[in-house]
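Order of listing sets the numbers, starting from 1, for every ligand and every atom in it.
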Amino acid sequence: MTSFTTTDTPLSAVLEPELAERITEAFGHQSVGDLLHTLPRRYRQHGQRYDKRELVDGERVTIVGTVASAQTREFRTKKGRRGEILTLTVEDGGTTFKVVYFHARGIRFLLPVGTVAMFDGTVKWFRNALDLTHPEFLVLRPVDGSRGQFRGSGDLAALAKLSAELDAEGGQSLFDRPLLPIYQARAGVTSWEVLGAVVTALRALVPVMDPLDPTVRAAAGLMELDVALRKAHLPATIREKDEAGYRLRFDEAIALQLLLGARRRFAARDPAPPSPRRGDGVRAALSSRLPFDLTGGQRTVLDQISGDLTAVEPMNRLLQGEVGSGKTVVALLAMLQVVDAGRQSVLLAPTEVLATQHHRSLTAMLGDLGEKGRLGAAEEATRVVLLTGSMSTAERRAALLDIVTGEAGIVVGTHAVIQDSVEFFDLGLVVVDEQHRFGVRQRDRLRSKGRDGVVPHLLVMTATPIPRTIAMTVFGDLEVSELVELPGGRRPISTSVVPARDRPKWMQRVWERVREEVAAGHRVYVVCTRIDPDTTDDPGDFRPPLVSAVDLHAQLSGSHLAGIRVGLMHGRLPTEEKDAVMADFASGHLDVLVSTTVIEVGVDVPEATVMVVMDAERFGVSQLHQLRGRVGRGGLPGLCLLVTNSPESGPSVERLSAVAATTDGFELARLDLEQRREGDVLGDAQSGALSALRLLSVVDDGELIEIARRHAEEILDSDPGLDRHPALAERVERLSGSEASAYLFRS
Ligand code: ADP
Ligand code: MG
């Protein structure tokens with residue numbers, strides 16, 4: 001054992017090397033700090049009522065109770081050997097457990113009626129009784145006269161020894177504590193072994209230095225770190241445990257916010273290309289001929305962006321707004337403001353299909369304002385060029401030339417545009433549509449794309465809104481704007497769930513409805529989860545097979561939709577074919593498009609009125625919401641049909657019904673978060689720093705994060721290099737992990 005244990009001390013220096021090794025293996029913990037920052041899963045309170053979820057077959061429970069009855073019965077094994085079964089009833093706060101030991105001669109004497117003991121084992125319901133068979137046990141309070149306190153089996157006995165040592169030192173006995181911490185067990189390590197390790201580590205730990213100033217602690221009502229680390233594991237009251245947990249989560253939040261704040265400040269140091277609004281340029285020209293008035297929300301957001309673009313600090317803004325909320329128009333006007341300043345804008349889409357689509361719709365919106373160089377173009381006109389990987393060499397060369405000479409005011413492409421060695425004449429603004437895959441690293445790459453060391457402005461757009469506090473955390477270095485209303489005249493999409501299995505007639509009605517829409521001159525999407533039929537045969541999977549796009553396309557063309565022009569679209573088609581199919585559907589050469597989710601984001605076919613989603617239960621909430629945003633975009637009412645083979649009364653249909661019940665993107669985002677945890681929701685946006693969070697939940701700790709952010713800002717204001725806060729600096733660095741952060745704090 002080392003004489004001086006800190007949170008950095010390796011576990012093997014504090015624990016039995018063999019146990020340390022197993023803990024590292026099971027949990028990945030290397031240091032004392034790692035171990036101590038993994039908090040108990042729950043705390044067992046003596047006499048506490050049981051949570052129903054704990055009392056299901058196979059759950060591991062820990063009970064602390066009194067032996068109310070004890071019975072022994074002899075039995076004979078098949079081979080004729082004698083044995084003894086000990087059956088106890090143990091009462092714990094109103095719940096009675098049946099505890100059974102076979103061959104239990106020695107145990108009987110340790111657990112007479114009246115003994116208070118702890119049992120740890122797996123619950124089983126048997127004939128309406130709760131059984132624990134062969135749980136580990138530990139005698140906490142023997143009946144008068146008998147010996148045996150802290151006698152028990154297995155790990156509990158080892159723990160008891162530790163507890164006795166604590167007693168001898170005058171500490172509070174582990175088992176007299178009102179709240180007994182129960183840790184997550186893992187293969188090879190029991191909850192008790194973790195507890196033993198934690199107690200050992202806490203005993204050895206010298207008082208931990210607090211990285212937060214007393215003033216911050218006082219203002220935020222925080223416990224001292226050293227106290228918090230200890231109380232989080234061994235609290236005397238629920239309140240202590242809550243306060244300790246709060247403090248530890250706050251530390252993660254403030255480190256994260258310091259990192260994000262520093263990143264934001266760092267980005268603001270670069271000069272940006274100021275592009276003030278002009279009254280006589282192409283932006284003004286387009287504004288005056290838009291076929292509609294911008295909504296109040298669009299105007300507000302555009303004003304914010306307009307102001308940002310005017311500044312010499314680079315804009316870093318996230319625009320959230322659900323599908324159809326009119327983000328594209330806002331982005332186009334912003335791009336034109338930059339064009340008016342003699343610079344270029346680029347719009348990046350996640351896929352080639354979407355880039356092509358954007359190119360088409362921007363060109364259409366601009367009309368002769370986008371035809372610079374052609375006869376009959378407007379005087380203020382600019383040029384919009386598309387740049388994709390599947391263009392011919394000649395096309396590509398022409399596009400690159402337009403870009404480098406500045407002829408092209410607006411460039412549309414996929415993310416490859418900023419990765420490749422595309423050279424701009426003078427890039428002023430980058431708009432990223434559907435940011436999911438746009439992280440810090442890509443943003444850094446933009447820096448090099450501006451002219452003379454100037455950093456282009458950045459606008460990131462997403463149709464998958466996330467609650468503000470989360471946006472603030474995930475994209476803490478971005479300002480956030482939101483579009484909440486749908487542009488006037490748009491009718492909300494109505495959504496229905498079709499339980500195809502339970503109601504086959506409804507399914508027929510779906511295809512009839514599709515025919516009716518087509519007859520009315522409208523277009524219909526049918527989305528499937530997979531391209532080909534699933535031929536793998538998993539005998540354990542009793543779910544009905546998933547509908548494949550290839551199958552359904554063939555089937556519909558020959559039956560329900562015979563005589564209707566049905567197209568097929570999926571990700572494996574060559575790019576030209578994808579574009580051709582999409583163009584045919586957009587122009588009305590196809591009436592129905594059977595497709596996989598390649599059409600998910602951004603596709604705009606105003607005549608599309610119905611979206612049929614097959615196997616809808618396989619999609620996430622926000623994905624469904626995005627899909628249905630593909631219809632009802634042209635002033636025609638939209639209908640979305642969520643088809644599922646799941647039972648009508650099951651949780652899947654319940655979830656789909658919830659999606660059907662609201663079109664509020666923020667409400668759906670909340671729903672989504674309830675069902676998945678943040679890791680899934682944030683997806684790739686989850687940078688290294690976020691995955692390093694152990695205790696903080698960006699879903700549940702919104703308020704705490706906001707408080708931490710304010711304190712982080714104050715600290716950075718007075719000490720931008722964190723020179724007077726070395727312990728905090730170290731935490732930030734640790735949090736940022738692989739993304740080196742030191743440069744952020746250098747002046
Ligand atoms: P998003 O990109 O947010 O999904 P779009 O910008 O594509 O939304 O807008 C969806 C549709 O609504 C487009 O056809 C667009 O022309 C139209 N639109 C946008 N703003 C308005 C408005 N203020 N009034 C009426 N229609 C609008
Ligand atoms: Mg869009």
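By the criterion of a heavy-atom distance under 4.0 Å, the backbone of Asp293, and not its side chain, is placed next to ligand 1. Contact annotation: for Met365 versus ligand 1, there are no heavy atoms closer than 4.0 Å. Under 4.0 Å from ligand 1, heavy atoms of Thr328 appear from its side chain as well as its backbone.
Between Gly326 and ligand 1, a contact under 3.5 Å exists for at least one N or O pair.
Residues Val498 and Leu642 form no side-chain contact, since every pair of their non-hydrogen atoms from C-beta on lies 4.5 Å or further apart.
Here salt bridge (Lys or Arg N to Asp or Glu O under 4.0 Å) pairs that include residues 281-301, with residues two or more places apart or in two chains, are Arg289-Asp368. Residue pairs meeting the side chain to side chain donor-acceptor pair (under 3.5 Å) criterion with at least one partner in residues 566-584, sequence neighbours excluded, are Asp532-Arg572.
Between Ser325 and ligand 1 there is a heavy-atom distance shorter than 4.0 Å. At a 4.0 Å cut-off, not a single heavy atom of Asp433 sits close enough to ligand 1 to count as contact.
Counting non-hydrogen atoms of neighbouring residues, nucleotides and ligands closer than 6.0 angstrom, the CD atom of Glu512 exceeds 12 such neighbours.
For the pair Arg709 and Glu706, the salt-bridge criterion is not met [side-chain N within less than 4.0 Å of a carboxylate O].
Under a cutoff of 6.0 Å and an axis angle of 45°, Arg451 and Phe425 form a cation-pi pair.
Ligand 1 places these atoms under 4.0 Å from at least one heavy atom of Leu294: 23 (N). Of all atoms in ligand 1, numbered sequentially from 1 with element shown, those under 4.0 Å from a heavy atom of Thr295 are 23 (N).
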